[in-house]
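Index from 1, following the sequence.
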Amino acid sequence: MSIWFFALAQFAVLAFAVVGGVFLAFSDFIMRSLFQTGGVGGIEAMQIINREVFRWIFMTLFLGLAPISIVIMGYSVVYIGGLAGALMALAGLMYLVGCFGVTVVLNVPMNKALASMDLSDSTTKDYWTRSYVPRWTFWNTVRTAACVISAALLLVGLLWTLQNQRV
């Protein structure tokens with residue numbers, strides 16, 4: 001395994017875990033707290049959060065992990081192979097589908113719908129309570145699990161590779 005790939009994979013393990021940690025916070029207590037505000041406060045706060053998420057630190061990690069996952073998948077299949085390569089490739093695929101894909105296909109459209117809603121309209125509160133919070137939180141939990149699984153698979157693949165190189 002090349003040193004550049006080893007360094008990239010170590011970075012990816014940490015980045016998968018950090019992104020997953022942000023998602024975990026939302027699934028574990030942030031959405032529940034926003035929901036308990038009685039509607040308008042939670043809706044307004046989530047609209048603001050959805051605008052602020054585009055700040056560079058989180059978004060750089062989130063978006064940057066997509067091409068990194070593709071590199072990890074390709075390198076693992078071509079140069080590592082075996083069980084370790086399969087685990088690492090699966091880590092990249094898990095992030096691409098379970099985190100990035102779910103975000104683009106499910107969470108972002110819900111965020112866009114919420115962003116365009118008027119806080120004083122009764123249909124906004126109805127959308128928030130009956131659709132947005134339960135669906136968004138469910139899919140956010142899927143993203144959380146995908147990130148954690150990606151980090152774990154990549155870490156195990158790296159350790160497996162290193163162990164086999166020592167023998």
Undergrad: Side chains of I49 and L34, heavy atoms from C-beta outward: is any pair under 4.5 Å?
TA: yes

Undergrad: CE/M94 to CG/L90 distance, rounded to the nearest 0.5 angstrom?
TA: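 It is 5.5 Å, given to the nearest 0.5 Å.
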
Undergrad: With rounding to the nearest 0.5 angstrom, report the CG to CD1 distance, L8 to I3.
TA: 11.5 Å

Undergrad: About how many Å separate OG1 of T37 and CZ of F35, when rounded to the nearest 0.5 Å?
TA: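 Atom-to-atom, F35:CZ and T37:OG1 are 9.0 Å apart.
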
Undergrad: Got a second to check how far M46's CE is from I30's CD1, nearest 0.5 Å?
TA: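 These two atoms lie 8.5 Å from each other.
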
Undergrad: Starting at OG1 of T60, measure out to CZ of F54 and round the result to the nearest 0.5 Å.
TA: 12.0 Å

Undergrad: Under a 4.5 Å side-chain heavy-atom rule over Ile, Leu, Val, Met, Phe, Trp and Tyr, are L63 and V22 clustered together?
TA: yes

Undergrad: Going by atom type alone, with no hydrogens or angles, which donor-acceptor pairs under 3.5 Å involve a side-chain atom of residues 99-114 and a protein atom two or more places apart or on another chain?
TA:
| residue | atom | partner | partner atom | Å |
| --- | --- | --- | --- | --- |
| T103 | OG1 | C99 | O | 2.7 |
| T103 | OG1 | R143 | NH1 | 2.9 |
| N107 | ND2 | W136 | O | 3.4 |
| N111 | OD1 | N50 | ND2 | 3.3 |
| N111 | OD1 | Y132 | OH | 2.5 |
| N111 | OD1 | W136 | NE1 | 2.9 |
| N111 | ND2 | N50 | OD1 | 3.4 |

Undergrad: Is any side-chain heavy atom of M88 less than 4.5 Å from a side-chain heavy atom of V156?
TA: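 Result no, sub-4.5 Å side-chain heavy-atom pair not found.
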
Undergrad: Which residues pass the side chain to side chain contact (heavy atoms under 4.5 Å, CB included) test with I48, sequence neighbours left out?
TA: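 If we apply the side chain to side chain contact (heavy atoms under 4.5 Å, CB included) test to I48, skipping adjacent residues, the hits are E44, R51, E52.
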
Undergrad: Spell out, yes or no, whether W128 and M117 are grouped together once hydrophobic residues are joined by side-chain heavy atoms under 4.5 Å, including indirect joins.
TA: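 Hydrophobic grouping puts W128 with M117.
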
Undergrad: Among residues at least two apart in sequence or on other chains, which ones pass side chain to side chain contact (heavy atoms under 4.5 Å, CB included) with T137?
TA: S27, M31, V133, T141

Undergrad: Using the side chain to side chain contact (heavy atoms under 4.5 Å, CB included) criterion, which residues pair with V53? Sequence neighbours excluded.
TA: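 V53 satisfies side chain to side chain contact (heavy atoms under 4.5 Å, CB included) with F58, M59 once adjacent residues are dropped.
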
Undergrad: Say whether F11 and V18 are linked into one hydrophobic cluster, either directly or through other cluster members, by side-chain heavy-atom distances under 4.5 angstrom.
TA: yes

Undergrad: Could you list the residues that satisfy ring-ring contact (aromatic ring centres under 6.0 Å, His included) with Y75, not counting sequence neighbours?
TA: W4, F5, Y79

Undergrad: Is there a chain of hydrophobic side chains (I, L, V, M, F, W, Y, each step under 4.5 Å between heavy atoms) that links L96 to F16?
TA: no

Undergrad: Side chains of N164 and W160: does their closest heavy-atom pair fall under 4.5 Å?
TA: yes

Undergrad: Taking distance alone, no hydrogens or angles, what donor-acceptor pairs closer than 3.5 Å link side-chain atoms of residues 146-155 to residues at least two apart or in another chain?
TA:
| residue | atom | partner | partner atom | Å |
| --- | --- | --- | --- | --- |
| S150 | OG | A91 | O | 3.0 |
| S150 | OG | Y95 | N | 3.1 |
| S150 | OG | A146 | O | 2.8 |

Undergrad: I want to check something: taking the side chain as every heavy atom from C-beta on, are I43 and Q47 in contact at a cut-off of under 4.5 Å?
TA: yes

Undergrad: Do F23 and F62 come close enough that some side-chain heavy atom pair is under 4.5 Å?
TA: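 The answer is yes; the side chains approach within 4.5 Å.
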
Undergrad: State the CG-OG1 distance between N140 and T144, to the nearest 0.5 angstrom.
TA: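 Here the rounded value is 4.5 Å.
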
Undergrad: Hey, quick one: are V97 and L61 part of the same hydrophobic cluster, counting side-chain heavy atoms closer than 4.5 Å, chains of contacts allowed?
TA: no

